[in-house]
Structure formats: structure tokens, C-alpha cells
Amino acid sequence: MDETELKRFFGRELLDWYRRGNRDLPWRRSRDPYYIWVSEIMLQQTRVETVIPYFNRFVERFPTVRALAEAPEEDVLKLWEGLGYYSRARNLQAAAREVAERYDGRVPNDVEAVRGLKGVGPYTAGAILSIAFGRPEPAVDGNVMRVLSRYFCLDEDIARPATRTGMEKLARELIPEGAAGDFNQALMELGALVCTPRSPHCLTCPVMAHCEGRIAGREEELPVKSKAKPPKPQHRLAVLAVRADGRVLVRRRPAQGLLARLWELPHVEAPSESVWDSPEAGPSWLAETLVLEEGVRVRPNRHLGDAEHVFTHLHWYVRVWGASGASLEAPAQRDLAAAGEAAAASASAEGQEAALPFAVREAAFPWGEAGEDNYRWIDRAEFEALAWPNVFRKILAAHFESS
DNA sequence: CAGACGTGGGG
DNA sequence: TCCCCAAGTCT
């Protein structure tokens, strides 16, 4: 069997296999390009089972491009809470606004236009164009690269960007006439269910007969993928400041970068693990840094517990310190609060409204200008309504459960 | 190109 | 427990 026959065989067999039966997924019940689009964004780096409930809630709340375009950003983030990679949500809404204005609310059936939407890269563009519009575009994700690496016994490192380009060229040649959408989904379905990362189920594979990787006995060692760098450890000190009326001090993260626009407990990075771990230096550093960098004056005085959170590139060790305006000043904090006793006292007065002491107005506030409503004293109901990163959602949930 | 960017599940 | 990783994109 020559190369051309091999490719034709692969496409037909895979397509037939997929059409004999595939998973009943919410976004497969519709041909609405908007639904396809939303699902593909959510599926980036995220498992199908995780996405399903998020997808259902999302399209129920935002059934159309215009509904999404007109929604408050906080609503979109709240529905994305826990799904991760939050720039996807912001980019999706930005792109929805572009589609609403520029394309009359309809996802454009045009390669360049789709590819130009925020958050839509080569994979997602190919997925939308093939599945929603039947265009013969490749949609190469991790599944596809794994399947192709094995079937054609390719040794290229799939972690390298250049490899994906080559895979796209190959995948394009494999698309059976008039069946791009089903074929692309078949390729991914095979990777997800049969040609799995470890212990591939070759005996039930529809294309086992001509799989070069399998024939070479290399199905377990392919694809070649270089290892990612381990996450960098960061030791962070957080404060759970509770006011006399039970409200908790929280802040909103900046619009750019990690966990953008989500809410969290005020926290700082410790200069070393030993400071982080020290019952004296830790809370001192926390209070001092919050005053200097944010003009927020708190007196952490009680170790409430630790939390750990692993990102792709960071490993957070979070130590949570309790604080209350009514607490006695511990000896270790005596020397650091010198500049702001009056402000601290006023902020902690019983039942007083949240006049935060932004003592250092000239400093650059990475969390936004003072008075921009980036800090709030919240109760349990507000906690439920705001969007939180997982690590802080857990800490605050535990607090509100027990209070 | 390499690094930033989340989270939860499975072996 | 630990490590890998999952329908990637942006800078």
C-alpha cells in the first residue's frame, strides 16, 4: 500500500468508525456556529467531562452572540469560574462583540475572519470552520498530533510549535471529500477514547491494520514529547481580615495576567520560605507589604491554615493569617505599624463602613487606584456572587461555613 | 521560540 | 503520592 492509499484508507476507516457511533455531547446536538465556537474555546486544554456542565450553563445564560456581547463581564467570568484560563472568557466576549458589530451577530464563514477573532488560533479556527461550515480545514490539537505520530510513526517532538505546522499539512491531506467536520471530530474522538496517551487500545482501533507505529511496536513510546518545566514555587502570605459585622476584606485582581479580574484575599509574596514560615516575620512582612504597596492596613495575628495551589507554571504555598480590628496587637507587630495607628484604628472601628486607609497614595497600586472599588468588605451572599480562583474560593467557603 | 496562562482527573 | 496531561492561544 503506497502513501496515497494509506492516507485515503485512514480517512475512510476513521470516518466510518465515527459515524457508526460517537459520544452524545451537548454541542453536537446543534449546528449553531456560536455553540460550536463556545464549546471549542471551553475545550482548549480542558477535558470534555469538565466542559459539559459549564457549556450548558453558559449557552443557557448567553444563548446568542448578542446575548454574550451585551452581558456584563462579571457575569461571564462567574460562569467561567473554576474552568481556568480565564483570558479565554474575556477573549470570547471581546470576539462576540466584534462578531455582533462587524458580522451582524453571525459567526463569519470565512477562514481569515474566523482566524482573526480573539482567542481563536489555528486549532479552533479549523474546528469551527470544519464542524460548523463544512470547510476542509485541519483542526490539529494534542489528540490529533498523538494519533498522527503513531499512525505514521513520526518522531517529531509534539511540544515544539513547528511540529504542529507539519501536522496540519498532513491532516489537511487526510480529510475525506465533503466530510471535514466529522473527520476532524473522529480524529479527536479516536485520540480521546482509543488512541490514548498511555496504554492505547489498539485492539479495538479502527485503523490498527495499517498503523505504522503499532506495526513497529512503538505505540507506547510515541508521540515524542519533551517535558515541561516544573512549576516555580512561590510562598505567599494572605490575610483573612474580618470586620466586627462579619464582613471579610477582599480585592479584585488586575485586568491583565494571572487570574485577571477574579477576586481574592489580599496577599503578598514572601521574600523567602523562612520568612513565610516564621510566626513572627511572616505576619510582619504581610502587614508591612500590604501597607507599602497597597495602602491597606491590617494586623495579622492568627495562623488560620495553609493552602496549596498548582498552576502550570507556578506552585503557590499560601499561608492564611487571620486579622480583626479588635484584636490585640501582638509584640511582633509593634514595630511595623508605627506609621498608621490612627488609620488602622479608624478602619477597624466597630460596624463602621469600609473607609480603607489608603495611606500611600503616591505609590503604584498594582491592584488599581485607591477608590476604584477594587477592595470590598463582603458578606456570604456577595462571596457567592463574585468569581474566585479555586484556591481562594475554598478558603473563603471554609470561613463562611464555620462563621 | 519560550514562557505565561488553571484546574481536575487518571494511572 | 506524584506526575502527566486535556479539543491551545497570546506575547
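Every chain is numbered from 1 and lettered A, B, ... according to where its sequence line falls, protein lines coming before strand lines.
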Under 4.0 Å between any heavy atoms, over every strand shown, what does [X] touch: base, sugar-phosphate, or nothing? Just pick one.
| X | answer |
| --- | --- |
| Thr124(A) | sugar-phosphate |
| Leu25(A) | base |
| Gly82(A) | sugar-phosphate |
| Arg90(A) | nothing |
| Arg261(A) | nothing |

Would you mind reading off the distance between [X] atom [atom1] and [N] atom [atom2], rounded to a whole angstrom?
| X | N | atom1 | atom2 | result |
| --- | --- | --- | --- | --- |
| Leu79(A) | dT7(B) | CG | P | 16 Å |
| Arg146(A) | dC4(C) | CZ | P | 15 Å |
| His201(A) | dG10(B) | NE2 | C1' | 12 Å |
| Leu92(A) | dG8(C) | CG | P | 16 Å |
| Glu221(A) | dC4(C) | CD | P | 18 Å |
| Trp80(A) | dC5(B) | CH2 | P | 18 Å |
| Leu83(A) | dG8(C) | CG | P | 12 Å |
| His315(A) | dA4(B) | NE2 | P | 16 Å |

Worksheet entry | Residues that Pro266(A) engages under side-chain contact (heavy atoms from CB on, under 4.5 Å), provided they are two or more places apart |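 Here the qualifying residues are Val239(A), Leu249(A), Arg251(A), Leu290(A), Tyr375(A).
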
Worksheet item: Do Leu237(A) and Val318(A) touch side chain to side chain, with heavy atoms closer than 4.5 Å?
Response: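 Of all side-chain heavy-atom pairs linking Val318(A) with Leu237(A), none is under 4.5 Å.
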
Discussion item. Any non-hydrogen side-chain atom of Ile41(A) less than 4.5 Å from a side-chain atom of Asn91(A)?
Written reply: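 They are not in contact (no side-chain heavy atoms under 4.5 Å apart), so the answer is no.
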
Within less than 4.0 Å of OP1 or OP2 of [N], is there a side-chain N or O belonging to [X]?
| X | N | result |
| --- | --- | --- |
| His313(A) | dC5(B) | yes |
| Tyr86(A) | dT7(B) | yes |
| His309(A) | dG6(B) | no |

Which residues in [range] have at least one heavy atom lying under 4.0 Å from any atom of DNA chain B?
| range | value |
| --- | --- |
| residues 40-59 of chain A | Gln45(A), Thr46(A), Arg47(A) |
| residues 382-401 of chain A | Pro389(A), Asn390(A) |
| residues 159-182 of chain A | Pro161(A), Ala162(A) |

Item to complete: For a ring-ring contact (aromatic ring centres under 6.0 Å, His included) with Trp27(A), tell me which candidate from Phe55(A), Tyr35(A), Tyr34(A) qualifies.
Response: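 Between Trp27(A) and the candidates, ring-ring contact (aromatic ring centres under 6.0 Å, His included) is satisfied uniquely by Phe55(A).
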
Worksheet item: Any chance the rings of Trp263(A) and Phe392(A) have centres within less than 6.0 Å?
Response: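 When the ring centroids of Trp263(A) and Phe392(A) are compared, they turn out to be at least 6.0 Å apart.
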
Fill in: Distance between P atoms of dA6(C) and dC5(B) (Å, rounded)
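About 22 Å, rounded to a whole number of Å.
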
Discussion item. Between dG6(B) and dC3(C), how far apart are the two P atoms, rounded to whole Å?
Written reply: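 My reading of the P atoms in dG6(B) and dC3(C) gives 22 Å.
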
Worksheet item: Got a sec, which pairs hit ring-ring contact (aromatic ring centres under 6.0 Å, His included) with one end in residues 104-156 of chain A, sequence neighbours left out?
Response: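 Counting only pairs at least two positions apart or across chains, the ring-ring contact (aromatic ring centres under 6.0 Å, His included) contacts touching residues 104-156 of chain A are Phe10(A)-Tyr151(A).
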
Discussion item. Per the ring-ring contact (aromatic ring centres under 6.0 Å, His included) rule, what does the pair list look like for residues 192-241 of chain A, sequence neighbours excluded?
Written reply: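 Pairs touching residues 192-241 of chain A that pass the test: Phe9(A)-His210(A), His235(A)-Trp276(A), His235(A)-Tyr317(A).
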
Discussion item. Tell me every residue that passes side-chain hydrogen bond (donor to acceptor under 3.5 Å, both in side chains) with Asp182(A), counting only those two or more places apart in sequence or in another chain.
Written reply: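 With neighbours one apart ignored, the set is Arg19(A).
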
Worksheet item: Taking atom types as modelled, is there a side-chain donor on Gln44(A) or Thr124(A) under 3.5 Å from an acceptor on the other?
Response: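 Side-chain D/A pair, Gln44(A) to Thr124(A): present.
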
Item to complete: Identify the residue among Arg319(A), Lys394(A), Arg236(A) that makes a salt bridge (charged side-chain N to carboxylate O under 4.0 Å, His left out) with Asp306(A).
Response: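 Looking at Arg319(A), Lys394(A), Arg236(A), the match for Asp306(A) under the salt bridge (charged side-chain N to carboxylate O under 4.0 Å, His left out) is Arg319(A).
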
Worksheet item: Got more than 12 heavy atoms from elsewhere within 6.0 Å of CD, Glu382(A)?
Response: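 Yes - once you tally the heavy atoms of other residues, nucleotides and ligands closer than 6.0 Å, there are more than 12.
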
Worksheet item: Considering residues, nucleotides and ligands other than Arg8(A), do more than 12 of their heavy atoms fall under 6.0 Å from its CZ?
Response: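 For Arg8(A), atom CZ is not crowded (no more than 12 foreign heavy atoms under 6.0 Å).
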
Item to complete: Assign each of Thr196(A) and Asn91(A) to its nearest nucleotide of DNA chain C by heavy atoms, then name whichever residue's nucleotide is nearer the 5' end.
Response: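 The answer here is Thr196(A).
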
Nearest to the [X] side chain among [options], which nucleotide is it?
| X | options | value |
| --- | --- | --- |
| Arg88(A) | dG6(B), dA6(C), dT9(C) | dG6(B) |
| Thr312(A) | dG6(B), dT9(C), dC10(C) | dG6(B) |
| Leu259(A) | dG8(C), dC4(C), dG6(B) | dG6(B) |

Qualifying residues under salt bridge (Lys or Arg N to Asp or Glu O under 4.0 Å), relative to [X], sequence neighbours excluded:
| X | result |
| --- | --- |
| Asp110(A) | none |
| Arg106(A) | Asp104(A) |
| Glu189(A) | Arg23(A), Arg28(A) |

Item to complete: Scan residues 228-236 of chain A against DNA chain C and write down, sorted by residue number, each residue with any heavy atom closer than 4.0 Å; if none is found, say none.
Response: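 The answer is none.
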
Discussion item. Going by side chain to side chain donor-acceptor pair (under 3.5 Å), name the pairs with one or both residues in residues 47-60 of chain A, residues two or more places apart or in two chains.
Written reply: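 For residues 47-60 of chain A: none.
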
